[in-house]
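First the proteins, then the strands, lettered A, B, ... as listed; each starts at 1.
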2 protein chains.
Amino acid sequence: MARTEDPAGRERILTAATALFYANGVRAVGMAEVIAAAGCGKHMLYRHFPSKAALVAAYLRRVRAEREKSTGRALAAAAGEATGAGEQLVALVAEVAAWVQRGDCRGCAFRTYLTEFPAGDDEPAMVARDYLRDTRQQVDELVAALGEPKITGDRIWLLIDALYGGTGTPPQIAVDWARELTEVG
Amino acid sequence: MARTEDPAGRERILTAATALFYANGVRAVGMAEVIAAAGCGKHMLYRHFPSKAALVAAYLRRVRAEREKSTGRALAAAAGEATGAGEQLVALVAEVAAWVQRGDCRGCAFRTYLTEFPAGDDEPAMVARDYLRDTRQQVDELVAALGEPKITGDRIWLLIDALYGGTGTPPQIAVDWARELTEVG
DNA sequence: GTCTATAGAAGGATAGAC
DNA sequence: GTCTATCCTTCTATAGAC
């Protein structure tokens with residue numbers, strides 16, 4: 001047999017690409033930059049990801065997996081406490097607020113991608129739109145399961161939209177409003 | 001003597017550029033595309049706008065002027081009716097909601113630009129950031145003039161952020177919430 | 001020898017600027 | 001129209017591990 005394949009290669013490339021795409025935008029980052037950051041050759045990159053679109057789709061899927069893990073933990077913790085019916089909805093908003101307050105946060109990767117490519121209908125665009133659709137549906141399902149009125153789902157999602165697209169307002173404002181909303185409703 | 005200069009030239013270029021930049025994004029539109037849409041020559045474009053950054057800055061300034069005219073009309077109309085203290089704040093949110101509901105709307109030109117160029121500090125970035133800062137300040141001033149609590153300004157701005165960055169939620173949700181907010185406060 | 005790796009040149013397209 | 005630069009992608013050249 002021949003030289004053994006580097007098992008961490010794909011992972012290293014995707015990690016480097018994720019950091020670069022998220023920090024600087026997909027359009028601004030070229031394949032050469034990813035190659036330099038990953039410390040690999042072009043051959044290896046195009047072996048694992050046959051095109052830039054494939055690499056971007058993998059980047060968005062990785063972000064989705066991380067976001068879902070974080071959101072799942074927050075919801076499970078809120079369900080464990082079970083202090084009130086709407087606590088899970090508040091926890092959902094608070095999780096996004098915590099994410100937005102991170103120093104290296106630069107908004108929502110999916111909304112950002114769709115802003116960069118508004119007319120796109122390729123693989124990454126589908127990943128981004130699927131995430132937004134599924135997440136929005138999860139909010140509605142959670143609201144229904146908690147017996148809250150349907151408009152509460154609209155308002156929770158509105159707060160999440162505002163957090164991700166926020167321009168200066170402290171994220172805590174949204175969390176407080178979510179708590180007030182679920183206590184009144 | 002030479003050929004007389006086309007007085008409508010700059011206007012025609014800027015109109016074409018505005019439509020293209022707003023619809024497809026600044027990065028996706030090249031100078032050649034603007035030239036083709038404006039039906040002018042390269043020389044004329046670079047005569048009026050010495051660089052793409054200058055053209056983009058002019059595009060953002062034009063959008064700002066249009067937005068301010070529309071917002072000013074909405075606020076004046078609400079002040080004329082004078083049915084309640086918070087009606088002007090509701091009118092502000094409603095004006096953004098109406099803008100967002102337009103068929104050719106693709107969000108906020110300034111937020112979109114800053115998403116496309118997150119690390120930019122050139123002329124268009126300054127125009128975009130100035131608009132957001134000034135508009136945010138106008139909301140706070142309006143809230144103060146109406147004798148509303150400070151947090152009302154935060155929440156109104158949050159609703160505006162959500163409208164511009166909205167992903168599917170009907171804009172009317174934000175308007176209704178703004179009305180409820182100002183009636184309770 | 002064969003497979004995988006990196007490095008670099010080159011093609012083909014497109015961008016901004018003159 | 002042209003010049004230069006960059007981007008994505010492919011291809012060639014070469015070194016190292018089995």
Tell me the interatomic distance from [X], atom [atom1], to [N], atom [atom2], rounded to whole angstroms.
X: A/Arg10; N: C/dA5; atom1: CZ; atom2: P; value: 14 Å
X: A/Ile13; N: C/dT6; atom1: CD1; atom2: C1'; value: 12 Å
X: A/Glu5; N: C/dT2; atom1: CD; atom2: C1'; value: 15 Å
X: A/Phe49; N: D/dT9; atom1: CZ; atom2: P; value: 13 Å

For a quick check of understanding: with a heavy-atom distance under 4.0 Å over all strands, which category does B/Gly41 fall into, base, sugar-phosphate or nothing?
nothing
Please report, to 0.1 Å, the donor-acceptor pairs under 3.5 Å made by any side chain of residues 16-35 of chain A, with sequence neighbours excluded.
from, atom 1, to, atom 2, distance (Å)
A/Thr18, OG1, A/Leu14, O, 2.7
A/Tyr22, OH, A/Arg106, N, 2.9
A/Tyr22, OH, A/Gly107, N, 3.4
A/Tyr22, OH, A/Gly107, O, 2.6
A/Arg27, NH1, A/Glu116, O, 2.8

Would you say A/Thr182's side chain and A/Arg179's backbone share a donor-acceptor pair under 3.5 angstrom?
yes
Within the distance-only criterion (no hydrogens, no angle test), does the side chain of B/Ser70 pair as donor or acceptor with the backbone N or O of B/Glu66 below 3.5 angstrom?
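Side chain of B/Ser70 to backbone of B/Glu66, a donor-acceptor pair under 3.5 Å: no, none is there.
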Check whether the side chains of A/Arg62 and A/Thr15 place a donor and an acceptor atom closer than 3.5 Å, and report yes or no.
yes
Donor-acceptor pairs are to be reported for all side-chain atoms of residues 171-178 of chain A against protein atoms at under 3.5 Å, with residues two or more places apart or in another chain.
from, atom 1, to, atom 2, distance (Å)
A/Gln172, NE2, A/Asp176, OD1, 3.0

Do A/Met126 and A/Leu60 belong to the same hydrophobic cluster, where Ile, Leu, Val, Met, Phe, Trp and Tyr are linked whenever their side-chain heavy atoms lie under 4.5 Å apart, directly or via other members?
no
Among residues 14-22 of chain A, which residues get a heavy atom nearer than 4.0 Å to DNA chain C?
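Listed by number, there are none.
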Mind jotting down which residue pairs meet the salt bridge (Lys or Arg N to Asp or Glu O under 4.0 Å) criterion with at least one end in residues 127-136 of chain B? Sequence neighbours excluded, please.
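Every pair satisfying salt bridge (Lys or Arg N to Asp or Glu O under 4.0 Å) with a residue in residues 127-136 of chain B: B/Arg64-B/Asp134, B/Asp130-B/Arg133, B/Arg136-B/Asp140, B/Arg136-B/Asp154.
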Distance check: side-chain N/O of A/Arg47 vs OP1/OP2 of C/dT4, anything under 4.0 Å?
yes
4.5 Å side-chain heavy-atom contact, [X] and [Y]:
X: A/Tyr113; Y: A/Pro124; result: yes
X: A/Trp157; Y: A/Thr135; result: yes
X: B/Leu142; Y: B/Leu75; result: yes

A correct 5'-to-3' footprint of nucleotides 12-18 of chain C, with B, S and - meaning base, sugar-phosphate only and no protein heavy atom under 4.0 Å, is ----SBB
Closest approach of A/Arg12 to A/Ala38 (non-hydrogen atoms, all atoms of both residues):
NE-O, 3.0 Å
Angle between terminal axes - the helix from C/dG1-D/dC18 to C/dC18-D/dG1, 5 pairs each end, rounded to 10°
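End axes: 0° apart.
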